[in-house]
A.B. asks: 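Below: one structure in structure tokens.
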Amino acid sequence: MRLRFLAAALASVSFTSLASATDLEVTHWWTSGGEAAAVAEFAKAFDATGNKWVDGAIAGGGNTARPVFISRITGGDPMAATQFNHGRQAEELVQAGLMRDFTELAEKEGWKNFVRPVSLLDGCTVDGKIYCVPINIHSWQWLWLSHKAFADAGVPVPKNWDEFVAAAPALEKAGIVPLAIGGQPWQRTGAFNVLIPAIAGKETFLKVYQDKDEAVAAGPEIAKVFKAADDARRMAANSNVQDWNQATNLVITGKAGGQIMGDWAQGEFQVAGQVAGKDYSCLPGLGVNELISVGGDAFYFPKLKDEEKTKAQETLASVMLSAPTQVAFNLKKGSVPVRGDVDLAAANDCMKKGLDILAKGNTIPDPPRLNTEDTNNQLNDLFVEFFATPSMTPEDAQKRYADIIAKAD
Amino acid sequence: MATEISKRPNSLFRNLNAKIASIPMILTALVVFVGGTVWTVVYSFTNSRLLPRLQFVGLDQYERLWSTPRWLASIENLMIYGVLSLIFSLTIGFVLAALLDQKIRFESAFRTIILYPFALSFIVTGLVWQWLLNPDFGVQHFVRGLGWESFTFNPLYDQSIVIYGILIAALWQGTGLVMCLMLAGLRGIDEDIWKAARIDGIPMWKTYLFIVIPMMRPVFVTTLVIIASGIVRVYDLVVAQTSGGPGHASEVPAKYVYDYMFSAQNLGQGFAASTMMLLTVLIVVVPWAYLEFGGRNKRG
């Protein structure tokens, strides 16, 4: 057994060094400055193995890119590897047998030993088999605050959500948009999903999204969340941008006070040369409830007919998970590596906060892992309407919210 | 009786070459169009998610569809957009054609200019008008720059009028084609009719209204079908201009279908919505086809 392992390992090593250049097309939706810098690290590492990374970036975010990926895979023109948020997005593709099973490679390289938290691999596992490579840990629960904006308005930088809401009038008086939320639907739903654990706590969050408990969704705890969302709606009324990175840019330039956005926003601050703690602050869990969700991106590998490409897929998978690539990629991306055994001395202030919370185990699952895309889309529809319609009361919105939760599966 | 039966094969084999040549197209029509439609309708009664599967759930998808505020908003928007775009593009198109028909100078230059927007795709049209209607760069900014500081023209960011912002772009793009069709129709009217009308001393507008327009009925029917099919499938213009926003104020059914089929990974719901769209088209087309073709058979 040992010997065979060794032989296999040797074979894969010798293959890697002898490999003639195989082109692999990798599709993803990373197009903002920070994201592009991060994905270039993957390309560099993969090209170094003698293969060639063919970049298939699709602009416009996951909601635009995923349908393209899916129709290519189901239509018989699969790419060699593709990004998804692990969880239920690719569930049916896996069940239909269109994705490659990586259990063998995972066991050989011992992914279970270094991937942390192990629950990340659960998101990739269907019927006991591993179908994807988790590559980063992203969390949504961050409030990014511009020091310049608060200095211009003459108020101290808030320490939590309530102080932020209280500071909003002062910001508005100085001509600053208090809260930047872009027009893309997922940003609104995302902000609301962040408010749930921050305002109503972890228990409520899990009851609603994990147990799909309709009574809780209609109950007083979620009512408080809708009150906060109402505040957010008022504060974001004048943010006329579409993309999330444009919204982040408002915070970077001090035109907006803050933004509720996942830790990928950090990549943008970094590209702009800003320093955490000096130019901007980050409040995990909105400064109220220090919790972060463990979600993120993963790569799935569709089954291919070409044997060389099939072999190169394995090389790509191990490259993505290798320690140096993990560090290089995640530092640029602003996310946390999936490996527990890498040195993150280079991590900045905000990332260290995230690592701390992760180490304490104050985590919640990411909504895309609990909800189907269908449910997420219905939530998107609701929050798009809620944030754009000042006449829609929080009570009405909550009623429809509870309805969606009741029908979700 | 017997002679009739023996005659039939003859008519079947008449023009045999032409009939054989049209077999591929007949097959395409049957398999792709009819087959695809039937398939879609059947699967709209299932709970298919990302991939189609045959688990029937009755009318569940339709019940959900008609209780979804976004779908209802889409239908309402399509109604407003459809009625207005039909009225305006026909009126403006006809008036422009009538003006061009006055034997004016540089007619072909005007015709080209007015038809030109039609050469642009809806996506480009949408983006151009998004800029023109953007308060910070477009018309509002320009007029304010001229000195009218309080001038407000902000249709794309106002829920109550956003659909008119889209209508403006659609008219700009589509009226040229309507004008050309109308112009062709006007040119088809016999000169003698005009002469006769002039001798009888009928004013020009009356000649147009009561003589020319009724004679142009086939042209109007063709134009109507072209405009109507464009209305039902309007999608790219909305995506480029507003992506359905603000809120759901400019959502249209085709966008609902796309979003639920692909982005929400819920084929069943998307199929149910597209079946409703098909039904809408049928409600419009069937009575028309009956009047148009059924009537002719009776006459002939």
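Letters A, B, ... are given to chains in the order of the sequence lines, protein chains preceding strands, and every chain is numbered from 1. Keep in mind it's a predicted model, so treat the numbers as computed, not measured.
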A.B. asks: Indicate yes or no for a side-chain donor-acceptor contact from A:Glu92 to the backbone of B:Leu51 under 3.5 Å, with no hydrogens or angles considered.
C.D. replies: yes
A.B. asks: Just wondering, more than 12 heavy atoms not from B:Trp39 lying within 6.0 Å of its CH2?
C.D. replies: yes
A.B. asks: For atom CG of A:Asp127, is the number of surrounding heavy atoms from other residues, nucleotides or ligands below 6.0 Å larger than 12?
C.D. replies: no
A.B. asks: For a side chain to side chain contact (heavy atoms under 4.5 Å, CB included) check, start with the C-alpha distance between B:Gln269 and A:Asp374, then their side-chain angles and the critical distance, and finish with the verdict.
C.D. replies: CA-CA 9 Å; B:Gln269 182 66 198; A:Asp374 188 32; 5.5 Å; no
A.B. asks: Take a 6.0 Å sphere around OH of B:Tyr235 and say whether it holds more than 12 heavy atoms from other residues, nucleotides or ligands.
C.D. replies: yes
A.B. asks: Give, for atom OH of B:Tyr260 and atom CG of A:Asp381, the distance between the pair rounded to the nearest 0.5 Å.
C.D. replies: 4.0 Å
A.B. asks: Around atom OH of B:Tyr62, are there more than 12 heavy atoms from other residues, nucleotides or ligands closer than 6.0 Å?
C.D. replies: yes
A.B. asks: Please report the interatomic distance OG(B:Ser243) to CD(A:Gln242), rounded to the nearest 0.5 Å.
C.D. replies: 5.0 Å
A.B. asks: Can you tell me how far apart CG (B:Leu50) and CD (A:Glu91) are? Round to the nearest 0.5 Å.
C.D. replies: 9.5 Å
A.B. asks: For the atom pair CZ (B:Arg64) and CD (A:Gln378), what is the distance rounded to the nearest 0.5 Å?
C.D. replies: 3.5 Å
A.B. asks: Look at atom NZ of A:Lys212 and say whether more than 12 heavy atoms of other residues, nucleotides or ligands are closer to it than 6.0 Å.
C.D. replies: yes
A.B. asks: Out of curiosity, B:Asn266 CG to A:Asn377 CG, how far, rounded to the nearest 0.5 Å?
C.D. replies: 9.0 Å
A.B. asks: Tell me, side chain or backbone of A:Asn63 under 4.5 Å from chain B's heavy atoms, or both, or neither?
C.D. replies: both
A.B. asks: Between B:Gln265 and A:Thr372, is any pair of side-chain heavy atoms under 4.5 Å apart?
C.D. replies: no
A.B. asks: For A:Glu385, which of B:Gln159, B:His248, B:Arg70 qualifies under side-chain contact (heavy atoms from CB on, under 4.5 Å)?
C.D. replies: B:His248
A.B. asks: So how far is it from A:Lys407 NZ to B:Ser67 OG, rounded to the nearest 0.5 Å?
C.D. replies: 4.5 Å
A.B. asks: Tell me the residues of residues 67-75 of chain A whose non-hydrogen atoms fall below 4.5 Å from those of chain B, in number order.
C.D. replies: A:Pro67, A:Ile70, A:Thr74
A.B. asks: Under a 4.5 Å cutoff for heavy-atom pairs, which residue among A:Arg188, A:Gln89, A:Arg66 has the most contacts with chain B?
C.D. replies: A:Gln89
A.B. asks: Please report the closest heavy-atom contact between B:Gly247 and A:Val384, naming both atoms and the distance.
C.D. replies: O-CG1, 3.3 Å
A.B. asks: A quick test of your reading: do over 12 heavy atoms of other residues, nucleotides or ligands sit less than 6.0 Å from OH of B:Tyr157?
C.D. replies: yes
